[in-house]
Amino acid sequence: MFLSVFDLFKIGIGPSSSHTMGPMTAARRFLDEIAGDDWPRPAGARVDRIAASLHGSLAYTGIGHGSDRAVVLGLAGQTPQTVDPDQADGIVASIAAEKRISPPGHPSYRFDPATDLVLDRKTPLSGHANGMAFSAYDADDRLLLKRIYYSIGGGFVVSEEELQRMKAKGSVTTEGKKVPYPFKNAVEMLSMAAKSGLSIADMKRVNEETQMSREELDAGLDGIWSAMKSCIERGLSQDGIMPGGLKVRRRARQLHDKLQEQWRQNRPNPLLANDWLSIYAMAVNEENAAGGRVVTAPTNGAAGTLPAVLRYWLHFHPEADQPSIRDFLLTAAAIGGIIKTNASISGAEVGCQGEVGSASAMAAAGLCAVMGGTPEQVENAAEIALEHHLGMTCDPVGGLVQVPCIERNALGAVKAVTAASLAIKGDGVHFVPLDAAIETMRQTGLDMNEKYKETSLGGLAVNIVEC
């Protein structure tokens, strides 16, 4: 069982890992399949037109999450990691005007987003709430190839066949990678830590270094934090109205300026740490809502919680250094991998408990670890944070990752720091195991009504009067 730290932390553009990064990746996969020789085609047949349809949650909130835009960008050959957010709208507008796509390494294909990209709310696909179908036609509009993909959270995309294999195995972990510490749940993680004498971060590092050199791993971890830090800094420098029509104003910069002034005046503020946490998280999620570059942690919708806690660690703890940042990320990834393996990080599958709840648990574990916590204390911190997000719905107003998502990340960061503080003051012995909290989240997600799982058909999404 192995999920790399780089599976959990992916760099891409907002506003959603499952609704933006996933569809863009799926579109690129379809282009690769068209170009390959692994599918039967009539002799002399040539792809002339491409069409796509989005289903389930992708159809209900696709416009607000930019899923339609992401598909167009993916079919144009863009990737979440490399697309320039400032150029994206121009690319989409050009394709809409020309009604053609010309991805690198491919001939030009007919593709009119107005008719060839359908948000189908009536036909859910059976594998997952985030389903997509891509089709290729010849010049006479005869179907040559059809593929179904699912965006299963955190930017992960699987084909219909891959999803069935994963369900049969009962796991969503990466196959074919042997590692020294293959823990798939918290019980195994703690047992392996006790036997080896290693910390959770050390075990995760050993696993990662079976796939890459130490230098490559450290450079990758430093790159993740650099992207997170850049996102915070950009979010703190921007103001104005966020896109989408809700007219929600960015607040992070203004609040940051007020805190800076208080800091200079040396005024006592018992809520200072919470204020900084909230502002850091809001800065990231405002950037995400505006389609900026973020890091899935473990998703875009929950991208602000973990960076905020890590920035808090650097801000308020003088012992913080570069190695501790790496240990924080490795520990958080270990917890995120356990959650994804045994439950879900997809809001469309289990609600926001799987997004901000998972992010808070990961952040709590990372902070507890760098504060000197034992593996048992780290597991306790993750459990506390996750337990107090159980049942949280995903009900974005207008299908946009703005309300309640931005503030929800801020509160997730506050809960993470509180959980780490509580855990490290104890001895690691506690009543509810992390594995029980994860299983509860999975069961709660199964029981949760679909209108509360990223469809914008319930909750705040239908009880807010638009101005």
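Quantities reported herein were computed from a predicted structural model and do not represent experimental measurements.
- The cationic atom of Lys340 (NZ for Lys, CZ for Arg) lies less than 6.0 Å from the six-membered ring centre of Phe156 and within 45° of the ring axis.
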Review item, side-chain donor-acceptor pairs of residues 419-427, under 3.5 Å, at least two apart:
{"from": "Ser421", "atom 1": "OG", "to": "Lys425", "atom 2": "NZ", "distance (Å)": "2.8"}
{"from": "Asp427", "atom 1": "OD1", "to": "Val429", "atom 2": "N", "distance (Å)": "3.0"}

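- From Leu400, atom CG reaches atom OG1 of Thr61 across 9.5 Å, with rounding to the nearest 0.5 Å.
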Glu261/Lys258 under salt bridge (charged side-chain N to carboxylate O under 4.0 Å, His left out): CA gap, chis, key distance, verdict: CA-CA 5 Å; Glu261 180 62 27; Lys258 288 182 179 179; over 6 Å; no
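- In this structure, the side chain of Arg253 engages the main chain of Ser237 through a donor-acceptor pair within 3.5 Å.
- Side-chain atoms of Val350 and Lys453, non-hydrogen and from C-beta on, never get closer than 4.5 Å to each other.
- With Ser18 contributing its side chain and Gly153 its backbone, the two residues share no donor-acceptor pair below 3.5 Å.
- The distance from the CZ atom of Phe183 to the OG atom of Ser191 is 11.5 Å, given to the nearest 0.5 Å.
- A search for side chain to side chain donor-acceptor pair (under 3.5 Å) contacts involving Tyr60 returns nothing, not counting sequence neighbours.
- A donor-acceptor contact under 3.5 angstrom links the side chains of Asp222 and Gln322, judged on distance only.
- Among all heavy-atom pairs drawn from Val401 and Ile406, the shortest one is O-CG1, 4.1 Å.
- At least one donor-acceptor pair under 3.5 Å links the side chain of Ser456 to the backbone N or O of Pro396.
- Within the 4.5 Å cutoff, the side chain of Cys231 has no heavy atoms near those of the Val295 side chain.
- With sequence neighbours excluded, the residues satisfying side-chain contact (heavy atoms from CB on, under 4.5 Å) with Arg205 are Glu209, Arg214, Leu217, Asp218, Leu221, Arg326, Leu330.
- In terms of modelled atom types and a separation under 3.5 Å, the side chain of Thr25 and the main chain of Thr79 share no donor-acceptor contact.
- Judged purely by distance below 3.5 Å, without hydrogens or angles, the side chains of Asn409 and Thr305 pair a donor atom with an acceptor atom.
- Counting heavy atoms from C-beta on, the side chains of Arg147 and Glu160 never come closer than 4.5 Å.
- If you run side chain to side chain contact (heavy atoms under 4.5 Å, CB included) between Tyr181 and each of Lys195, Lys204, Met189, Met203, only Met203 comes through.
- Remark: side-chain polar atoms of Asp7 are not paired, donor with acceptor, to backbone N or O of Leu3 under 3.5 angstrom.
- Thr444 and Asp447 share no donor-acceptor pair across their side chains, judged by distance under 3.5 Å alone.
- Here OH of Tyr149 is found 7.5 Å from CZ of Phe134. Values are rounded to the nearest 0.5 Å.
- A distance of 10.5 Å separates CD in Glu287 from CE in Met242, rounded to the nearest 0.5 Å.
- Using a 4.5 Å heavy-atom cutoff, the side chains of Gln211 and Ser4 are not in contact.
- The closest side-chain donor-acceptor pair between His19 and Ser57 falls under 3.5 angstrom.
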Side chain to side chain donor-acceptor pair (under 3.5 Å) evaluation trace for Glu379 with His430: CA-CA 10 Å; Glu379 185 261 359; His430 55 106; 2.5 Å; yes
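- For the atom pair CG (Leu314) and CH2 (Trp225), the distance works out to 5.5 Å, reported to the nearest 0.5 Å.
- Remark: the backbone N or O of Cys394 is not paired with any side-chain donor or acceptor of Glu454 at under 3.5 angstrom.
- Proximity of a side-chain donor or acceptor of His256 to a complementary backbone N or O of Ala252 within less than 3.5 Å is not detected.
- With sequence neighbours excluded, the residues that form a side chain to side chain donor-acceptor pair (under 3.5 Å) with Glu216 are Ser213.
- Not a single donor-acceptor pair under 3.5 Å links the side chain of Asn130 to the backbone N or O of Ala348.
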Chi angles and distances behind the side-chain contact (heavy atoms from CB on, under 4.5 Å) call for Ile224, Phe6: CA-CA 9 Å; Ile224 289 169; Phe6 304 110; 3.6 Å; yes
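- By the side chain to side chain donor-acceptor pair (under 3.5 Å) test, Tyr280 is found to be paired with His315, residues two or more places apart in sequence or in another chain being considered.
- Side-chain N or O atoms of Asp395 include one that pairs as donor or acceptor with a backbone N or O of Leu460 at under 3.5 Å.
- Between His389 and Met392 the shortest side-chain heavy-atom distance falls below 4.5 Å.
- Side chain of Thr374 to backbone of Gln377: a donor-acceptor contact under 3.5 angstrom is found.
- Applying the 6.0 Å contact sphere to CD of Glu162 captures more than 12 heavy atoms from other residues, nucleotides or ligands.
- Looking only at atom types and distance, the side chain of Asp275 has a donor-acceptor partner in the side chain of Asn269 under 3.5 Å away.
- In this structure, the side chains of Leu367 and Trp313 come closer than 4.5 Å at one or more pairs of heavy atoms.
- One side chain, Asp321 or Ser324, offers a donor N or O that lies under 3.5 Å from an acceptor on the other.
- Between Glu33 and Asp38 there is no side-chain heavy-atom pair separated by less than 4.5 Å.
- Under the side chain to side chain donor-acceptor pair (under 3.5 Å) criterion, Glu383 pairs with no residue at all, not counting sequence neighbours.
- Taking 4.5 Å as the limit, every side-chain heavy atom of Ser16 sits out of range of all side-chain heavy atoms of Met21.
- Within a 6.0 Å sphere centred on CD of Gln81, heavy atoms belonging to other residues, nucleotides or ligands number more than 12.
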